[in-house]
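See structure below.
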Amino acid sequence: MISIGEYQSLRIERDMPQGYYLSDDEGNEVLLPRNFVTPEMQIGDALAVFVYNDSEDRPVATTETPIFSVHEFAYLEVVDTNEIGAFCDWGLAKALFVPFRNQVRRLEKGEQHVIYMYLDKLTKRLVGTTKIDKYLIKETEEEFEMGEEVDLLVYAKTELGYNVIVDKRYKGLIYNNEIHQPIQVGQQLTGYIKPLRGDGKLDISLDQIGHQSIEPNAQYLLDELKAENGFLSFTDKSEPSLIRERFGISKKLFKKALGTLYRQQLVLLKEDGIYLK
């Protein structure tokens, strides 16, 4: 199946005046226009191409590299507007259409916005939207560990801080009081997962969590022990719900952190809880 909005490997099937026709394993074909054909290309060769709709909404292949693919987010410049919407530069000859219904507020030429791209089911066209919250995963389960390094795309300023897209899929938040550098919408950053919340939402730090010599969740557990005068009434038999409520991590990650501290001879494990050595 030839998928619009994605990279795929297709075979050069036949040469026609308008270009090469490429096919997949099922015999589906798409045109690679003549202006993308090079002397090195031969019938039978496999090509890595991106498929999208041309100016007449026909599926075509290109060897050009767009800024992003379908179901992804990117920070794009608005290059034109008309009576039905706006058009954004995403690295290909045909600009990406963002209809009025997909705009949080009217886009203006020259502005830049974080855009999500999807394939419209009715028209079979690639379109963009600035209403990106509904395309983000808001709650996570066992997907991240505290202190894990993640890629961020800043997409909105709020009263609490900045909303960010985490690893191209998840919604996260950097709090205002933890920001010690200039930040702006559209910026790509490296961040770190803070202690996981019981509701599955992601809080993000721009600073590394804990010390590099100790696994992040173990460092967090060690800090909690120090804060509680060297004792926590938790063991590896404690209920998972109580562990998540207290520490914001799963029982699996709790046991892993506890094992790290024990192996480094930093704690004593007794029937009534954990003691700091």
Under the side chain to side chain contact (heavy atoms under 4.5 Å, CB included) criterion, do Tyr135 and Ile137 qualify, and how do the steps go?
-> CA-CA 7 Å; Tyr135 298 103; Ile137 300 174; over 6 Å; no
Using the side chain to side chain contact (heavy atoms under 4.5 Å, CB included) rule, take Ile165 and Gln188 through it: C-alpha gap first, then chi angles, then the decisive distance, then the call.
-> CA-CA 9 Å; Ile165 300 168; Gln188 297 185 46; over 6 Å; no
Checking side chain to side chain contact (heavy atoms under 4.5 Å, CB included) for the pair Leu253/Phe247: CA distance, chi angles, key distance, verdict?
-> CA-CA 10 Å; Leu253 294 179; Phe247 303 106; over 6 Å; no
Begin with the C-alpha distance, continue with both residues' side-chain angles, and end with the deciding distance and a verdict on side chain to side chain contact (heavy atoms under 4.5 Å, CB included) for Leu269 and Leu258.
-> CA-CA 9 Å; Leu269 305 181; Leu258 196 56; 3.7 Å; yes
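With a 4.5 Å cut-off on side-chain heavy atoms, Asp54 and Lys94 do not count as touching. Here the side chains of Leu225 and Val267 are in contact, with some heavy-atom distance below 4.5 Å. Within the 4.5 Å cutoff, no side-chain heavy atoms of Asp167 are placed close to those of Arg169. Inter-residue side-chain proximity for Leu96 and Met117 is flagged as met; some heavy-atom pair is nearer than 4.5 Å. Cys88 places a side-chain heavy atom less than 4.5 Å from the side chain of Val98. Lys168 has its side chain out of reach of Leu136: every pair of non-hydrogen atoms, C-beta onward, lies at least 4.5 Å apart. At a threshold of 4.5 Å between non-hydrogen side-chain atoms, the residues Leu266 and Lys277 do not count as touching. Contact annotation: the side chain of Lys194 approaches that of Glu178 to within less than 4.5 Å [non-hydrogen atoms, C-beta and beyond].
Shown here are the side chain to side chain donor-acceptor pair (under 3.5 Å) partners of Tyr262, two or more places apart in sequence or in another chain: there are none. With sequence neighbours excluded, no residue forms a side chain to side chain donor-acceptor pair (under 3.5 Å) with Glu148. Remark: Glu239 engages Ser241, Leu242 in a side chain to side chain contact (heavy atoms under 4.5 Å, CB included) (not counting sequence neighbours). Residues passing the ring-ring contact (aromatic ring centres under 6.0 Å, His included) test with Phe68, sequence neighbours excluded: none. Remark: Thr130 engages Gln103, Val104, Leu107, His113, Ile115 in a side chain to side chain contact (heavy atoms under 4.5 Å, CB included) (not counting sequence neighbours). Take Lys109 and apply the side chain to side chain contact (heavy atoms under 4.5 Å, CB included) test, not counting sequence neighbours, and it matches no residue. Partners of Glu271 by side chain to side chain donor-acceptor pair (under 3.5 Å), not counting sequence neighbours: none found.
Distance CG/Asn163 to CG/Asp133: 6.5 Å, rounded to 0.5 Å. To the nearest 0.5 angstrom, Ile2 atom CD1 is 6.5 Å from Gln8 atom CD. For the atom pair Leu47 CG and Ile12 CD1, the distance stands at 4.0 Å (nearest 0.5 Å). With rounding to the nearest 0.5 Å, the separation of CG in Leu22 from CE in Met41 is 8.5 Å. For the atom pair NZ (Lys226) and CD (Glu228), the distance works out to 14.0 Å, reported to the nearest 0.5 Å. Within the model, atoms CG of Leu76 and CD of Gln112 stand 8.5 Å from one another, a figure rounded to the nearest 0.5 Å.
Note on Val49: it clusters hydrophobically with Leu126, by side-chain heavy-atom contacts below 4.5 Å among ILVMFWY residues. Tyr7 and Tyr52 end up in the same hydrophobic cluster when Ile, Leu, Val, Met, Phe, Trp and Tyr side chains are linked at under 4.5 Å. In this structure, Leu276 is a member of the same hydrophobic cluster as Tyr220, with clusters built from ILVMFWY side-chain heavy atoms closer than 4.5 Å. Ile249 is connected to Ile204 through a chain of hydrophobic side-chain contacts under 4.5 Å among Ile, Leu, Val, Met, Phe, Trp and Tyr, so both are in one cluster. Hydrophobic clustering, with ILVMFWY side chains joined whenever heavy atoms are under 4.5 angstrom apart, groups Ile132 together with Tyr118.
Residue Lys138 places its NZ atom among more than 12 non-hydrogen atoms of other residues, nucleotides or ligands, all under 6.0 Å distant. The local environment of CD in Gln181 is crowded, with over 12 non-hydrogen atoms from other residues, nucleotides or ligands closer than 6.0 Å.
Counting all heavy atoms, side chain and backbone alike, Lys251 lies closest to Ser238 at NZ-O, 3.1 Å. Taking both residues in full, the closest heavy atoms of Pro66 and Leu92 are given as CB-CG, 3.9 Å, listed atom of the first, atom of the second, then distance. The two residues Val164 and Leu173 come nearest to each other via the heavy atoms CG2-N, 4.1 Å. Taking each heavy atom of Leu153 and Phe73 in turn, the nearest pair found is CD2-CB, 4.1 Å. Taking each heavy atom of Ala86 and Val78 in turn, the nearest pair found is CB-CG1, 4.1 Å. When all heavy atoms are compared, the tightest approach of Ala95 to Phe87 is CB-CB, 3.7 Å.
Listed by chain and number, the hydrophobic cluster partners of Tyr275 are Phe231, Leu268, where partners are ILVMFWY side chains within reach of under 4.5 Å, directly or through others.
For Asn102 (side chain) and Pro99 (main-chain N/O), no donor-acceptor pair under 3.5 Å exists by modelled atom type. Under the 3.5 Å distance criterion, the side-chain polar atoms of Glu111 are matched with a main-chain donor or acceptor of Glu108. No donor-acceptor pair under 3.5 Å is formed between the side chain of Asp89 and the backbone N or O of Val79. At least one donor-acceptor pair under 3.5 Å links the side chain of Asn176 to the backbone N or O of Glu159. Formation of a donor-acceptor pair under 3.5 Å by the Gln187 side chain with backbone atoms of Gln184 is found in this model.
Considering Thr158, Ile179, Leu160 in turn, Ile179 is the only one that fulfils the side-chain contact (heavy atoms from CB on, under 4.5 Å) rule with Ile174.
Residue pairs meeting the side-chain hydrogen bond (donor to acceptor under 3.5 Å, both in side chains) criterion with at least one partner in residues 65-80, sequence neighbours excluded, are His71-Tyr116. Identified under the side-chain hydrogen bond (donor to acceptor under 3.5 Å, both in side chains) test for residues 10-26, with sequence neighbours left out: Arg11-Glu13, Arg11-Ser23, Glu13-Ser23, Arg14-Glu29, Asp15-Arg34, Gln18-Tyr21, Asp24-Asn28, Glu26-Asn28. Residue pairs meeting the ring-ring contact (aromatic ring centres under 6.0 Å, His included) criterion with at least one partner in residues 160-181, sequence neighbours excluded, are Phe144-Tyr170. Sequence neighbours left out, the pairs with a member in residues 120-132 that pass salt bridge (charged side-chain N to carboxylate O under 4.0 Å, His left out) are Asp57-Arg125, Arg101-Asp120.
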